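Worksheet: the structure to be examined is printed underneath.
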There are 2 protein chains.
Amino acid sequence: MSKATINDVAKYAKVSRATVSRVLNQNSKVDAKLRARVLDAITALGYQPNRAARRLRAQSSNVIGLVISDIQNPYFLSVTRGVEDAASAQQMSLILCNSDENPDKERMYLQVMEAERVAGLIIVPAHSDNSQDLNHLKKAGIPIILLDRAVKDVQVDTIRVDNERGSYEAVNHLIGLGYRRIATITGSLQLTTGQERYQGYRTALQAAGMPLNEALVKFGDFKTESGYQLAQELMNATEPPDAIFVANNLMSLGALRALLEQNIRVPENVALVGFDDLPWSGELYSPLTAVSQPTYELGQEAVNLLLRRLANPKAPYLTVVLQPHLIVRASCGVKLRRPANGS
Amino acid sequence: MSKATINDVAKYAKVSRATVSRVLNQNSKVDAKLRARVLDAITALGYQPNRAARRLRAQSSNVIGLVISDIQNPYFLSVTRGVEDAASAQQMSLILCNSDENPDKERMYLQVMEAERVAGLIIVPAHSDNSQDLNHLKKAGIPIILLDRAVKDVQVDTIRVDNERGSYEAVNHLIGLGYRRIATITGSLQLTTGQERYQGYRTALQAAGMPLNEALVKFGDFKTESGYQLAQELMNATEPPDAIFVANNLMSLGALRALLEQNIRVPENVALVGFDDLPWSGELYSPLTAVSQPTYELGQEAVNLLLRRLANPKAPYLTVVLQPHLIVRASCGVKLRRPANGS
DNA sequence: CTGAAAGCGCTTACAG
DNA sequence: CTGAAAGCGCTTACAG
């Protein structure tokens with residue numbers, strides 16, 4: 001069965017195609033009788049307007065592009081959910097791509113987004129230097145929202161959390177509990193999240209008058225395996241840390257695995273605090289104290305920023321910063337070090 | 001800056017639009033000199049073909065629709081990754097929707113898919129009775145691949161795991177360890193996965209000559225909260241079970257949370273085996289013994305089925321069944337009940 | 001191998 | 001309020 005087109009509907013309803021189009025788009029007045037005939041015809045023929053044709057003609061799209069840097073990361077479950085909900089509330093669809101932290105894949109997908117003439121792009125950039133590609137898209141008239149990470153030399157709307165403050169709080173919490181050899185497993189300094197979370201660690205130490213010990217700083221890549229490796233390195237050193245702040249969720253899981261394998265108890269032998277909460281953080285071997293990001297809201301706000309930009313392309317660029325908050329569970333050793341009712 | 005079109009490229013390269021199109025689509029011979037001029041023009045103008053126009057004219061699309069039933073479920077991290085990888089290897093993009101287990105949302109999204117004229121649809125159906133919508137799409141010429149769950153009265157390609165065998169193995173493993181009051185928290189019988197996993201439980205009991213005790217059977221909805229609730233119900237009964245088989249990942253996490261809150265030790269007080277493995281199952285409070293599905297392969301195979309169907313629309317419909325396997329960790333109590341080197 | 005022309009299914013000034 | 005007509009940016013027989 002071939003698909004019904006607007007012509008079929010027009011014939012069936014004995015009106016012009018223009019009238020069918022007007023009924024469909026609801027923005028101009030159509031006589032009630034004609035409208036009824038058109039609606040009948042649509043149901044009778046099972047008509048679905050061809051969006052490719054509409055997009056071509058109207059030069060506007062109801063598709064949002066979403067480029068994620070690592071679709072395996074649970075962080076994006078909730079972010080994507082937020083984007084999807086907000087988009088579908090506006091009758092917009094989502095094209096989803098996974099750059100896999102790979103600049104080449106990212107470039108390819110940006111070309112796809114351009115070719116699709118998406119209404120706008122929400123992207124978690126894979127690196128902080130792709131200003132060229134992004135600016136190209138911007139010039140092509142596609143609004144861009146940067147999510148989670150910033151990019152040098154590109155002026156666009158941005159939504160992210162206050163990473164520095166989040167890790168400051170996490171590390172400060174450990175300091176308050178009396179830990180003195182606090183290590184960090186942090187992310188790549190190529191990413192703004194990596195920079196900012198590392199900075200929060202340093203600021204907290206500094207504010208407490210504690211020296212920065214380079215032997216206690218390990219740089220990972222935000223993936224599970226590096227958390228696993230680096231936790232081993234830290235614990236196998238001659239002077240291991242008494243606490244570790246891990247800069248994202250996957251590395252925290254990797255670190256936890258390494259500690260378990262070596263029978264190092266958390267928090268008795270070493271305390272652990274992570275960045276990014278997980279829905280199952282409370283059910284982990286050592287329930288994880290973590291900096292929780294409002295991930296769902298991050299996704300929603302990204303769409304809001306996009307809608308705002310679409311409504312007013314010349315509006316000044318906005319950076320929206322959401323606040324993370326520390327969720328205290330057992331892995332930081334709060335029960336060992338303080339009374340349970342401690343503030 | 002307005003976008004370059006094929007006309008601009010043609011003028012710049014001093015050839016016809018047809019020639020530009022031929023260079024772009026690589027399927028017919030173009031003189032090397034002309035080709036070079038066209039390629040130069042494309043780079044010079046930063047030209048990206050408009051996919052909406054191509055789709056309209058060529059009546060073919062390089063977009064795959066993916067409708068997921070619950071995007072919050074970690075199960076789909078890996079499935080989506082598999083689909084994405086396989087699709088991008090074929091230069092195809094993904095439109096992602098989340099039906100949220102809601103038949104109305106699902107229907108709406110199926111309409112979107114039809115309107116987008118996607119090349120094909122991969123769907124995890126939200127209920128087993130939407131044959132009407134799916135058959136409509138099928139008639140409209142859009143190939144459908146059912147993932148994970150079957151639907152009544154609709155003949156299409158299907159990819160799923162052997163759910164009955166998976167839960168049979170899980171329950172049989174518990175029986176082999178000597179448990180005698182084995183409860184199950186299973187999913188809705190509206191879903192084939194719910195039916196099949198429940199059936200596997202019953203078959204295993206039956207094969208062992210054990211009676212089915214209805215007090216030990218609880219029906220959830222595959223979401224965390226129901227696992228939490230039903231585990232409480234089971235453990236608060238006058239005769240609680242000595243083991244629980246939970247029919248999916250989220251309910252397993254919920255059950256684990258309930259047990260932790262009540263200080264019920266796993267597996268010492270009650271053993272736990274789940275369906276669906278999680279990347280962090282080994283780092284859970286009680287490392288979870290679980291039936292692991294080949295989720296990534298499920299996603300990839302779904303795309304393969306789709307490509308096969310696209311290549312040969314009249315081919316007989318296929319159901320591909322992948323085998324799950326049991327991963328034994330601590331939560332089933334294997335160490336309590338058997339020597340560590342037991343087979 | 002190449003170009004002129006038709007047409008995919010819509011939307012939108014334009015005229016009435 | 002309604003219809004005839006033009007045109008969005010492509011691809012693809014068709015002719016040469």
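Treat the numbers as computed from the prediction; the structure is a model and nothing was measured.
The stretch residues 51-63 of chain B touches DNA chain C through B:L56, B:R57, B:Q59, each having a heavy atom within less than 4.0 Å of the strand. Residues from residues 6-13 of chain B with heavy atoms under 4.0 angstrom of DNA chain C: there are none.
Among the duplex regions that DNA chain D forms, those built from at least three successive Watson-Crick or G-U pairs under 3.5 Å are C:1-3 with D:14-16, C:5-12 with D:5-12, C:14-16 with D:1-3, ordered by first number.
In A:R35, the CZ atom is crowded: over 12 heavy atoms of neighbouring residues, nucleotides or ligands sit closer than 6.0 Å.
Judged by distance alone, with hydrogens and angles left aside, the side-chain atoms of B:D100 form no donor-acceptor pair with the main-chain N or O of B:N102 at under 3.5 Å. Between the side chain of A:R107 and the backbone N or O of A:D133, no donor-acceptor pair lies under 3.5 Å. Judged purely by atom type and a 3.5 angstrom limit, B:R149 uses its side chain to pair as donor or acceptor with the backbone of B:P125. Side chain of A:S21 to main chain of A:R17: no donor-acceptor pair is present (N/O by atom type, distance under 3.5 Å, no hydrogens or angles). With hydrogens and angles ignored, the 3.5 Å screen pairs a side-chain donor or acceptor of A:K138 with a backbone N or O of A:Q155.
Taking only side-chain atoms of A:V30, from C-beta outward, the nucleotide of D:dA5, C:dC1, D:dT2 with the closest atom is D:dT2.
Within the structure, a side-chain polar atom (N or O) of B:S16 is placed less than 4.0 Å from OP1 or OP2 of C:dG3. Taking side-chain N and O atoms only, B:T19 has no distance below 4.0 Å to OP1 or OP2 of C:dT2. Regarding contacts with the backbone of C:dT11, a side-chain N or O of A:S21 is found under 4.0 angstrom from either OP1 or OP2. Here B:N25 reaches the OP1 or OP2 of D:dT11: one of its side-chain N or O atoms lies under 4.0 Å away.
In terms of heavy atoms, B:D129 sits closest to B:V151 at N-CG1, 4.5 Å. Summarising the geometry of B:V161 relative to B:V321, their closest heavy-atom pair is C-CG1, 3.8 Å, with the distance given to 0.1 Å.
For the pair B:Q48 and A:A32, both in contact range of DNA chain D, the more 5′-proximal nearest nucleotide belongs to A:A32. For B:R117 and B:K14, each mapped to the nucleotide of DNA chain C holding its nearest heavy atom, the one lying further toward the 5' end belongs to B:K14.
Note that CZ of A:R81 is 4.5 Å distant from CG of A:D85, once rounded to the nearest 0.5 Å. Between the CG atom in B:L305 and the CD1 atom in B:I144 there is a gap of 13.0 Å [rounded to 0.5 Å].
Judged as a side-chain contact (heavy atoms from CB on, under 4.5 Å), and not counting sequence neighbours, the contacts of A:D153 are A:S131. With sequence neighbours left out, the salt bridge (Lys or Arg N to Asp or Glu O under 4.0 Å) criterion links A:R309 to A:D157.
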For nucleotides 13-16 of chain D, give me every protein contact, N/O to N/O, under 3.5 Å, one pair per line with atom names.
{"residue": "D:dA13", "atom": "N6", "partner": "B:R22", "partner atom": "NH2", "Å": "3.2"}

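Atom C1' of nucleotide D:dT11 and atom CG of B:L24 are separated by 11 Å, given to the nearest angstrom.
Side chains of A:R55 and B:E116 form a contact here, defined as non-hydrogen atoms less than 4.5 Å apart.
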